[in-house]
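Here the structure comes first, spelled out in structure tokens, and everything after it is commentary.
Whatever order the structure lists ligands and atoms in, that order sets their numbers, starting from 1.
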Amino acid sequence: RLAELTQERGWQLYLVGGAVRDLLLADPEKTLLLTDIDLVVDGCHQSYNAVENNQQNDKNPPAVELASALQKTYSNARLDVHGQFQTAALLWHNDPVLDSLWIDIATARTEFYPYPAANPEVEASSIRQDLYRRDFTINALALRLTEPYQGELLDFFGGMNDLQNRQIRVLHANSFIEDPTRIYRAVRFAVRLGFELEFQTKDYIHYAINSGIYEKVQSENYSTQQRVPALETRLKSELKYILQAPYWKPALQLLGELKALRCIHPTLELNQELWRQIRLVDRGLIRFDPEKTLTHWQVRLEVLIAHLAPEYRGDVADTLQFTLDSIERLQQLESAKADVMKRMPECQLASQFYRLLAPYDLPMLILIAVQSPRWVRRRIWQYLTHWWTVKPLLNGNDLKQLGYKPSPKFKQMLDDLLVATLDKQICDRKSAEAFIK
Ligand code: ATP
């Protein structure tokens with residue numbers, strides 16, 4: 001229907017990006033479920049540019065016009081219009097027929113980078129230029145959905161060949177300088193699809209990293225007129241994608257080999273020590289947070305940032321828009337570690353370990369554990385295994401039933417009960433009641 005609507009207006013419509021790649025890679029024997037579809041309209045520059053230049057024009061931009069027309073047929077879809085460049089999205093959520101589907105419609109556009117790693121400026125253009133602004137040849141294929149030549153595959157940059165040879169290849173030498181987040185995308189696609197980074201593409205990555213990419217990420221906050229998300233936001237979202245994926249370990253390993261963590265901070269290297277910490281964190285999360293109440297990818301990211309010298313941690317976490325409690329944790333990690341190291345040798349009873357460690361939340365304890373000597377780590381694991389969730393054997397209601405009147409003393413009594421429970425002076429209700437009396 002959308003193709004018909006486009007044709008009626010004399011425009012062309014293309015399926016682009018990941019959907020084309022995934023269709024071409026799909027096993028013909030299996031059903032491929034596309035949930036995120038990118039479409040590009042072409043052949044409508046004049047009407048579009050009139051709108052872009054704020055000239056008098058009572059027409060919607062082409063993408064919005066098409067999406068609105070389609071919504072008349074599919075009234076259960078939500079229509080979102082975003083950005084100054086006016087792309088439109090149609091969203092179906094839990095639809096009985098379409099289930100969850102996201103269709104993005106954009107007008108063919110090209111991007112200019114005012115300086116390396118800047119946010120691109122965007123301008124209307126042809127489908128070829130639209131494809132040329134993309135990250136890799138395998139993501140720069142388009143499938144024509146309108147007549148004539150409906151079903152034609154547009155492959156200007158050798159994407160089909162790279163799909164066959166399982167290669168991730170950029171479209172031009174400056175690609176990673178323009179947008180360092182593409183390094184993370186290259187790694188993500190390589191690991192996810194089981195592809196290789198093409199030889200020269202790898203060289204371009206090395207070149208971009210050696211040219212001081214972190215400074216570029218940092219100098220980003222220039223634009224007040226952002227048409228695409230800021231670079232830090234995109235870097236964070238690529239980190240998130242990678243660290244929450246099932247293949248996060250090999251992806252992180254490859255990022256480490258490429259020295260790509262320097263995009264986060266010039267001193268950040270994936271050395272043996274950091275790997276050891278990451279593996280320990282993973283074990284800690286599996287053991288102590290099996291229900292995944294924590295956001296595991298965020299804890300992994302915190303471990304990476306915690307590996308930086310203390311004076312850099314807060315700023316980097318801030319730049320990457322970590323949550324406030326995460327920033328605070330990273331800022332307090334050194335003093336927490338020092339506190340635990342100093343006081344732990346004096347602890348003998350379970351209740352003493354409890355008093356020392358209970359003020360810290362689980363991610364902080366995991367960070368302290370992986371950055372501390374073995375004897376400290378073992379005690380923290382012991383605390384988390386045996387004592388962390390221990391509660392006093394009686395609660396406030398039980399005390400009331402025993403005839404005690406609610407008073408500030410209640411807290412002290414419950415505290416004493418907890419200590420006695422931890423230190424195994426009491427083991428059941430009866431002994432707890434006797435203890436209170
Ligand atoms: P996925 O299956 O992971 O969603 P995708 O290819 O659909 O893969 P998106 O992040 O949704 O990935 O991006 C859609 C398309 O937009 C890509 O296929 C690519 O053509 C283009 N694109 C996305 N990010 C960039 C970027 N940083 N630089 C250039 N092109 C990009």
Considering distance alone, does some N or O of R188 sit under 3.5 Å from an N or O of ligand 1?
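Looking only at distances, the answer is yes, because the N/O contact criterion of under 3.5 Å is met.
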Using distance alone, decide if ligand 1 has a nitrogen or oxygen within less than 3.5 Å of any nitrogen or oxygen in R234.
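No - when backbone and side-chain N and O of R234 are compared with those of ligand 1, no distance drops under 3.5 Å.
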Winner among R134, R192, R21 once heavy atoms are compared against atom 16 (O) of ligand 1
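The residue whose heavy atom sits nearest atom 16 (O) of ligand 1 is R134.
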Out of D179, T181, D130, N139, who is nearest to atom 26 (C) of ligand 1 when you count heavy atoms only?
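The option holding the nearest heavy atom is D179.
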Is F136 in contact with ligand 1, taking contact as a heavy-atom separation below 4.0 Å?
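It does not, in that no heavy atom of F136 comes within the 4.0 Å cut-off of ligand 1.
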Does any part of the side chain of [Y], heavy atoms only, come nearer than 4.5 Å to the side chain of [X], both counted from C-beta?
| X | Y | result |
| --- | --- | --- |
| L90 | Y74 | no |
| L66 | L2 | yes |
| R329 | E302 | yes |

Side chain, backbone, both or neither: which part of D135 has a heavy atom under 4.0 Å from ligand 1?
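Both backbone and side chain.
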Would you mind telling me if ligand 1 is within reach of the side chain of V16, the backbone, both or neither, using heavy atoms under 4.0 Å?
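Looking at V16 and ligand 1, no heavy atom falls under 4.0 Å.
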For atom 4 (O) of ligand 1, the protein heavy atom that lies nearest, with its residue and separation
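Ranking protein heavy atoms by distance from atom 4 (O) of ligand 1, first comes Y241 OH, 4.4 Å.
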For atom 17 (C) of ligand 1, what's the nearest protein heavy atom and its distance?
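Minimum-distance protein heavy atom for atom 17 (C) of ligand 1 reads R185 NH2, 3.6 Å.
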Just checking Y132 against F156, ring centres under 6.0 Å apart?
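When the ring centroids of Y132 and F156 are compared, they turn out to be at least 6.0 Å apart.
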Does the gap between the ring centers of W381 and F288 come in under 6.0 Å?
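Yes, they do, as the ring centres are separated by less than 6.0 Å.
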How are the rings of F176 and F136 set to each other: parallel, tilted or perpendicular (split at 30° and 60°)?
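Aromatic pair F176/F136 classed tilted.
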